[in-house]
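Here is the structure we will look at, set down as structure tokens.
Protein chains get the first letters and strands the later ones, always in sequence-line order, with residue 1 at the start of each.
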Amino acid sequence: MSIILDHVNYIYDEDTAMAHAALIDVNLEIPKGQFIGLIGHTGSGKSTLIQHMNGLVKPTSGNVYFDGKDIYDSDFDKKALRAKVGLVFQYPEHQLFEMDCFKDVCFGPRNLGLPQKEVELRAYEALKQVGFDDAYFYQSPFDLSGGQKRRVAIAGVLAMKPEVLILDEPTAGLDPKGREDILNLIAKLHDEMGITVILVSHSMDDVADYVQRIIVMNKGRVFLDGEPKEVFRHYKELEGIGLAAPAVTYVMQELKEAGFDVDTEATTIAEAKNEILKVFGKC
Amino acid sequence: MLRDITLGQYYRTDSAIHRLDPRVKLIATFAFIISLFLVKNLWGYVIAAVFLGSCIYLSNVPVKFMFRGMKTIFFLLIITMIFNLVLTPGEPIVSFWKISITYEGLKLAVLMAIRLVFLITGSSIMTLTTTPNNLTDGLESVLKPLKVVHVPVHEIAMMMSIALRFIPILLEETDKIMKAQMARGADFESGSLLNRAKSLVPLLVPLFISAFRRALDLAMAMEARCYRGGEGRTKMKPLIYRRSDYIAYIVLIIYLVVIIVFGRLLFR
């Protein structure tokens, strides 16, 4: 159940003066069950990259494989692929259209040709999974708050029972509380359902606490790829491309420089707290 | 997918044509279109082709890009040709059943097709080399005399510029919505006509909502900056004719004289 991208290149507006490369020689392997953070600046190619994974965009050159099969083979079932690789776009406003939330979540499973009962069951389950309150089930999705809209949008994709869930900037435009709620929800989905999750973001602080692997994109290329600790070790290089390591990394670096014997590899607040307490001999 | 529509799109590059005053381009396009209908013989078409060819060459827009937009009107072109072919009376070349293709019909069909292609290429040179804002500025300035008869020129120009400004935004948005719905298994391409029409609902609802939201935001932003219509409004970049614009006018006049003399008066 893995996705493999093999020498993928993508050029926007080919043959015109506006032509520019969005992806340059991208090679990635996404194994089953991993929780991945995809980080990069606006225009670094991360959104284009994820659209390759469910066949919405065809690479200019290179191949994409899902479960060992080339997804651009003429006999490959794209619809089935899109059910297995669920992609939640950045703005829920781009997909919500029905009269009420429940019907909207039904849209995905119904497109899979499932019987009505199964469709409704899946929609109900999905809305429950994202922690959506029963009271709002039959409300118009347009009257909801940003965070609730996002939940409905995620449920709309979850209802198709994907094996891989890709979320494009799921925290954009949310307040700190809403952001944490959504991130916790995504982590919970990963833990409980065992699905592969790819979380796209431009903020390291967003992903550092949750993911097992970080892929950093810069100008269409994979810049860094590895475990969070490994990636944050390159925090000077990250600054060079306009990104930053999580705030915790900086605190630990400065403590180290000030002469405290802390482990600079602590990336989450919990780890940092333990380290600091250890130094002061309270742990 | 939707990025392929090039008709009426601006092509960003630098060229002599791009730098011309939009008024020159508007008037030249208008004059060119009229000139196409004044032509009476083959010479006229040759002259128009040469003029058009030099404009394309000067505009630095790749010919390939220019003709990509032509695909959309191909259908219209074919229908026009067929009607001209079969409905023009005259000396028949081939005839079967009640339909006959005449010599006159063939000639008319070919000339009409050339005329249509020229017409569209001519106007697309204008839109490809002029930003929408410049174009409406030019239009406002050219139509100013109509204010005397109480035509709301400024308001029309403002509406046009807003509409033009929103075309690429809404196209891009449509593309995103389509992708978001396709990610949920929506299918816009196959199925019966009724099913395909139905499949547009998940596309159109978010698109309309977003269009209304954008319109409200824009109205708010305009009001916040005290927009109150055209009366007494000055421009940040007023249109001023430069030397190259006068040269362009002279070239245009020469072209018109040549095409009228050779295409209409001399050889009948």
Side-chain angles (χ1 to χ4, degrees), chain A residues 12-19 47-48 50-51 53-58 77-99 103-114 119 140-142 153-160 162 165-168, chain B residues 1-6 9-15 18 59-69 128-129 168-191 195 198-214 217:
Chain A
Y12 266 114
D13 291 317
E14 223 185 344
D15 305 326
T16 72
M18 287 89 90
S47 290
T48 314
I50 54 173
Q51 287 175 23
M53 293 178 182
N54 72 347
L56 281 175
V57 180
K58 193 175 186 323
D77 186 356
K78 283 254 183 65
K79 223 175 190 179
L81 171 74
R82 284 176 194 151
K84 283 181 191 153
V85 183
L87 177 53
V88 185
F89 277 79
Q90 183 170 356
Y91 298 105
E93 288 84 358
H94 282 159
Q95 67 172 67
L96 302 176
F97 72 99
E98 274 287 8
M99 303 288 285
K103 267 192 200 150
D104 203 276
V105 176
C106 286
F107 182 68
R110 185 171 308 121
N111 282 330
L112 299 178
L114 298 168
V119 168
S140 163
F142 305 107
I154 295 172
V157 172
L158 271 184
M160 303 205 297
L165 182 64
I166 307 173
L167 301 116
D168 194 356
Chain B
M1 46 195 104
L2 286 164
R3 306 170 76 100
D4 294 340
I5 301 169
T6 61
Q9 212 179 55
Y10 177 65
Y11 187 89
R12 193 179 305 279
T13 180
D14 186 44
S15 77
H18 278 75
S59 73
N60 267 346
V61 179
V63 179
K64 202 175 159 193
F65 188 83
M66 193 167 286
F67 284 96
R68 212 192 283 169
L128 282 166
T129 61
I169 292 179
L170 290 181
L171 272 180
E172 201 174 300
E173 194 120 308
T174 312
D175 201 48
K176 275 189 188 148
I177 296 169
M178 263 174 112
K179 278 179 177 166
Q181 303 299 28
M182 275 159 80
R184 291 206 287 164
D187 188 353
F188 296 106
E189 273 125 24
S190 57
N195 276 335
K198 262 190 198 159
S199 77
L200 285 181
V201 173
L203 176 64
L204 291 179
V205 172
L207 188 63
F208 270 96
I209 288 172
S210 134
F212 281 126
R213 203 189 53 234
R214 279 176 195 281
D217 286 354

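Here CG of N111(A) is found 11.5 Å from CE of M182(B). Values are rounded to the nearest 0.5 Å. Distance check: K179(B) NZ to L87(A) CG gives 10.0 Å after rounding to the nearest 0.5 Å. Between the CG atom in L203(B) and the CD atom in Q95(A) there is a gap of 13.0 Å [rounded to 0.5 Å]. Atoms CZ and CD1, from F97(A) and I177(B) in turn, are 11.5 Å apart once rounded to the nearest 0.5 Å. Of the inter-residue distances, the one linking T174(B) atom OG1 with H94(A) atom NE2 reads 9.0 Å to the nearest 0.5 angstrom.
Every side-chain contact (heavy atoms from CB on, under 4.5 Å) that A155(A) has, sequence neighbours left out, goes to V105(A), A126(A), L127(A), V130(A).
Between A183(B) and F89(A) the shortest heavy-atom distance is CB-CE1, 4.1 Å.
Taking the charged nitrogens against the carboxylate oxygens, K176(B) and D168(A) have no contact shorter than 4.0 Å, which rules out a salt bridge.
Contact of F142(A) with chain B is made through the side chain alone, with heavy-atom distances under 4.5 Å. The part of Q51(A) that comes within reach of chain B is its side chain, from C-beta onward, which places non-hydrogen atoms under 4.5 angstrom from that chain. Of the atoms belonging to V88(A), not a single heavy atom falls under 4.5 Å from chain B.
For the set A83(A), G156(A), A159(A), the count of heavy-atom pairs under 4.5 angstrom toward chain B peaks at G156(A). Counting heavy-atom pairs under 4.5 Å between each of A186(B), S210(B), S199(B) and chain A puts A186(B) at the top.
The environment of F107(A) atom CZ is dense: over 12 non-hydrogen atoms of other residues, nucleotides or ligands sit within 6.0 angstrom. Other residues, nucleotides and ligands place more than 12 heavy atoms under 6.0 Å from the CZ atom of F188(B).
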Next item on the list: Give the intermediate values and the outcome of side chain to side chain contact (heavy atoms under 4.5 Å, CB included) for residues V157(A) and R184(B).
Entry: CA-CA 6 Å; V157(A) 172; R184(B) 291 206 287 164; 4.3 Å; yes
